[in-house]
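Just so it is clear, the model here is predicted, and its values are computed rather than measured. Residue numbering restarts at 1 for every chain, and letters A, B, ... go by the order of the sequence lines.
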There are 2 protein chains.
Amino acid sequence: MGNTESNQNVKSYLQNSGIRPTKIRLSIAGLLFDGTDKHVTVDNVIEMARLSKIKTSVASVYNTLNQFAAAGLLRRVTVEQGKAFFDTNLSEHHHFFYEDEDRLEDIPMGAIQVEGLPDLPAGRSIKAIEVTVRI
Amino acid sequence: MGNTESNQNVKSYLQNSGIRPTKIRLSIAGLLFDGTDKHVTVDNVIEMARLSKIKTSVASVYNTLNQFAAAGLLRRVTVEQGKAFFDTNLSEHHHFFYEDEDRLEDIPMGAIQVEGLPDLPAGRSIKAIEVTVRI
DNA sequence: CAATAAATTAGAATAATTCTTAAATACATC
DNA sequence: GATGTATTTAAGAATTATTCTAATTTATTG
Ligand SMILES: [Mn+2]
Ligand SMILES: [Mn+2]
Ligand SMILES: [Zn+2]
Ligand SMILES: [Zn+2]
């Protein structure tokens with residue numbers, strides 16, 4: 001991270017999703033898309049940016065994460081009322097939620113299988129199936 | 001609903017859960033525990049109370065629903081960032097979430113089966129397994 | 001290098017929820 | 001049933017996450 005090659009990768013990654021690679025988008029993308037799976041909140045990203053001396057604003061972090069989610073680069077995960085999580089792991093998978101730590105952890109893809117889905121109401125299709133195991 | 005017998009039932013229901021059956025608790029319980037399964041928000045309950053000429057306050061609806069949930073008379077269901085749902089159906093079951101209508105619907109108990117749960121981290125136990133099918 | 005479009009930002013606005021505190025109600029004891 | 005004490009209720013303030021607004025800055029196009 002921080003080197004020219006990965007910056008170039010992140011730039012292409014945004015462009016391929018139709019997102020213009022502006023400075024703060026590249027900065028935030030650089031924090032998030034480093035190859036490791038993450039579940040971040042807006043506050044997490046603001047703090048990561050601060051530590052990396054990236055000068056930005058709360059509004060821009062919201063804008064950017066929402067744009068990434070809309071473009072399919074992040075997946076929004078809702079497990080508690082207050083705060084939204086954004087997941088960099090785009091593969092089909094489910095989550096442990098550590099209730100006392102407010103923290104998500106991936107359950108590897110394929111580990112969990114959901115069986116016996118009933119018929120859907122007419123005109124509906126499945127947008128997503130989310131399994132949360134609260135521990 | 002509204003008759004002496006079901007009022008008595010609701011009163012016992014609260015007492016058996018260690019909740020003192022005060023006037024507004026009985027009123028709200030009367031709205032919720034009528035034998036039909038419901039998924040309500042705070043706003044729903046405020047509106048139901050208004051229609052039933054029950055005089056109460058926003059704070060009391062929050063207090064009461066939170067108390068009922070803590071006592072196990074309601075189950076809190078979180079499927080979207082902003083608003084909490086409270087479920088009167090206490091049996092083990094999962095949900096369809098109608099994304100465009102902000103509405104929950106029960107998937108009958110037993111219809112869905114979750115297979116292949118991996119081992120839990122040491123010292124953890126399952127508090128709940130929640131499956132949400134977004135449609 | 002203009003002209004134009006898009007992005008960024010600070011701060012205001014909104015929405016759900018919790019907190020504070022005073023008044024009302026419920027409960028226990030006589 | 002009256003009285004004293006504990007609990008509940010409720011109005012409004014406070015808090016928190018998020019979105020909106022509008023002005024400035026940055027990027028793209030010609
Ligand atoms: Mn939290
Ligand atoms: Mn909603
Ligand atoms: Zn994940
Ligand atoms: Zn339900």
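The NE2 atom of B:H39 sits 10.0 Å away from the CZ atom of B:R103 when rounded to the nearest 0.5 Å.
In this structure, A:S57 reaches the C:dT9 phosphate: one of its side-chain N or O atoms is under 4.0 Å from OP1 or OP2.
Legend: residues meeting side-chain hydrogen bond (donor to acceptor under 3.5 Å, both in side chains) with B:E47, ordered by chain and number and at least two apart, are B:R50. Listed by chain and residue number, nothing satisfies the ring pair (Phe, Tyr, Trp, His ring centres under 6.0 Å) test with A:F85 (two or more places apart in sequence, or in another chain). With sequence neighbours left out, the salt bridge (charged side-chain N to carboxylate O under 4.0 Å, His left out) criterion links B:D37 to no other residue. Qualifying salt bridge (charged side-chain N to carboxylate O under 4.0 Å, His left out) partners for A:E115, counting only residues two or more places apart in sequence or in other chains: none. For B:S12, there are no side-chain hydrogen bond (donor to acceptor under 3.5 Å, both in side chains) partners two or more places apart in sequence or in a different chain. For B:T41, the side-chain hydrogen bond (donor to acceptor under 3.5 Å, both in side chains) test picks out B:N44, with sequence neighbours left out. The side-chain hydrogen bond (donor to acceptor under 3.5 Å, both in side chains) check on A:S125 picks up nothing, with sequence neighbours excluded.
Within the structure, every pair that satisfies the side chain to side chain donor-acceptor pair (under 3.5 Å) test and touches residues 13-28 of chain B, not counting sequence neighbours, is listed here: B:R25-B:Q67.
Note that the two end axes of the helix from C:dC1-D:dG30 to C:dC30-D:dG1 enclose an angle of 30°, each drawn from 5 base pairs, rounded to 10 degrees.
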* To do: Assign a letter to each nucleotide of nucleotides 15-29 of chain C from its 5' end: B, base within under 4.0 Å of a protein heavy atom; S, sugar-phosphate only; -, no contact.
  => -SBBB------SS--

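The outermost nucleotides of DNA chain D lying under 4.0 Å from heavy atoms of chain B, listed 5' to 3', are D:dT7 to D:dT19.
With side-chain heavy atoms closer than 4.5 Å counting as contact, directly or through intermediates, A:L51 stands alone and belongs to no larger hydrophobic cluster.
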